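Every chain is numbered from 1 and lettered A, B, ... according to where its sequence line falls, protein lines coming before strand lines. Just so it is clear, the structure is predicted and the values come from calculations on it, not from any experiment. Heavy atoms only: backbone and side chains are in, while hydrogens, waters and symmetry mates are out.
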Protein chains: 2
Amino acid sequence: MIQVMSATESLTAPRLRRVPSRLLAQAAGQADRLISAGLAQADAHKWHYAALATLHDVGSASQADLSRRTGIYRSDMVALLNELEERAYVRRSPDPQDKRRNIISITKRGEQQLSKLDKLVNALQDELLAGLSARDREHLVDLLARLVASFSAAGAGGQ
Amino acid sequence: MIQVMSATESLTAPRLRRVPSRLLAQAAGQADRLISAGLAQADAHKWHYAALATLHDVGSASQADLSRRTGIYRSDMVALLNELEERAYVRRSPDPQDKRRNIISITKRGEQQLSKLDKLVNALQDELLAGLSARDREHLVDLLARLVASFSAAGAGGQ
DNA sequence: CTAGTTTCGTTAGTGACATAAACGTTTATG
DNA sequence: CATAAACGTTTATGTCACTAACGAAACTAG
């Protein structure tokens with residue numbers, strides 16, 4: 001999934017043109033490229049944003065906690081937090097109650113960066129959805145949220 | 001993009017929960033896993049379906065043509081067609097008009113497999129969208145199609 | 001006709017990402 | 001107290017989208 005090369009999209013076989021999973025893949029790909037490129041110009045990644053936003057909303061959390069909340073794997077969280085710590089956006093301190101845990105908290109600089117990223121991400125979402133009216137955007141978000149929710153509820157959901 | 005692990009999705013920071021690009025990534029990931037798993041049980045891949053469907057709709061095409069129409073890279077088309085040829089779903093014959101080209105055409109067996117995959121893919125899409133009403137499904141597809149279209153029209157489009 | 005550019009099929013490789021495996025440490029649980 | 005589970009971490013795997021390069025053939029221009 002994720003294909004660009006879409007200048008020639010009009011040649012797509014009609015049978016494929018409205019397949020939901022295909023449309024989702026295409027849209028997600030475009031979105032990802034757009035957001036990633038935009039965030040790169042602020043020396044950031046989507047994960048940086050996800051982690052900082054989560055930390056802001058929650059206050060502080062262990063790495064495993066953050067992992068669950070953001071959907072970023074425990075294994076990748078290590079490197080991500082290294083980067084954020086390097087830039088002094090977060091602090092890692094050992095949890096006195098549980099010596100296995102690190103307590104991750106967001107710093108002042110991290111908050112600043114977050115509000116910068118917040119604006120940037122919002123602008124990028126606007127750019128992404130530029131072709132849709134405000135009402136349509138809301139509707140789309142709504143449908144997607146319901147799709148995601150219904151899906152994790154039923155089926156192969158996360159056991 | 002593409003994260004599972006979503007049993008814990010309810011823990012997601014509210015700020016992230018309705019970010020369009022994130023929802024798209026999640027939905028696309030779920031869709032991809034579902035479709036891939038389903039097609040795997042028929043010894044197939046999404047590309048197999050895309051290629052066969054395109055061939056059926058177009059009749060026959062060169063590899064480069066197929067590549068443009070499906071969005072599968074020229075480089076990857078080689079292996080894909082090897083697989084399809086192995087299973088006798090398609091035929092590769094040299095183009096007498098242009099010795100660089102292969103003319104790819106779908107075989108009887110390919111057509112049979114296609115209609116099998118067609119049913120399977122449709123069923124899988126239904127499963128994917130199980131949480132949405134018929135009207136909502138249509139609406140979602142519509143919005144996604146418009147999003148994809150508007151996006152390739154504007155911005156960093158093809159070339 | 002010749003020289004340069006483009007297209008075709010093909011091979012090989014890169015980089016990002018999701019995900020698994022395994023490990024030592026520490027904390028719960030039976 | 002023994003066994004299981006959770007934590008942070010390192011290392012590895014497989015899948016994709018995507019690039020680079022190549023020889024062969026085909027257009028395009030001078």
Exercise. Whole-Å distance between C:dC8 P and B:I104 CD1?
Worked result: 13 Å
Exercise. Between A:R74 (CZ) and C:dG24 (P), how many Å, whole number?
Worked result: 16 Å
Seminar exercise, completed: Whole-Å distance, B:R100 CZ to D:dC27 P, equals 6 Å
For this session: Determine: side-chain N/O of A:R68 to OP1/OP2 of D:dA6, distance under 4.0 Å, yes or no.
Result: no
For this session: Grab the OH-P distance between A:Y73 and D:dG8 for me, whole Å please.
Result: 16 Å
Problem set entry | Carboxylate-amine/guanidinium contact A:R101 A:D65, below 4.0 Å | no
Exercise. Closest nucleotide of DNA chain C for A:P96 versus for A:S36: which of these residues is on the 5' side?
Worked result: A:S36
Exercise. A:R101 or B:D76: which one's nearest nucleotide on DNA chain D is closer to the 5' end?
Worked result: A:R101
For this session: Report the base-pairing partner of C:dG30 (Watson-Crick or G-U wobble, both distances below 3.5 angstrom), or none.
Result: D:dC1
Exercise. Touch check for B:S75, heavy atoms < 4.0 angstrom, all strands: base, sugar-phosphate only, or nothing?
Worked result: base
For this session: Round to a whole Å and report the spacing from CG of B:L66 to C1' of C:dT7.
Result: 16 Å
Problem set entry | Nearest-angstrom distance from the residue atom CD of A:E83 to P of C:dA16 | 11 Å
Problem set entry | Nearest-angstrom distance from the residue atom CZ of B:R92 to C1' of C:dG9 | 9 Å
For this session: With the side chain counted from C-beta on, respond yes when A:T12 and B:T70 share a heavy-atom pair under 4.5 Å apart, and no when they do not.
Result: no
Exercise. Does the pair A:D95/A:R100 count as a salt bridge with the N-to-O cut at 4.0 Å?
Worked result: no
Exercise. With respect to the phosphate group of D:dT9, does any side-chain polar atom (N or O) of A:N102 fall under 4.0 Å of OP1 or OP2?
Worked result: yes
Problem set entry | Whether B:Q125 side chain and A:S21 backbone form a donor-acceptor pair below 3.5 Å | yes
Seminar exercise, completed: Regarding the side chain of A:V78, the nearest nucleotide among C:dA18, D:dT10, D:dA6 is D:dT10
Problem set entry | Residues B:R69 and B:D57 bridged, charged N to O under 4.0 Å | no
Exercise. Within this structure, what is the CE-to-P distance between B:M77 and D:dC16, rounded to whole angstrom?
Worked result: 15 Å
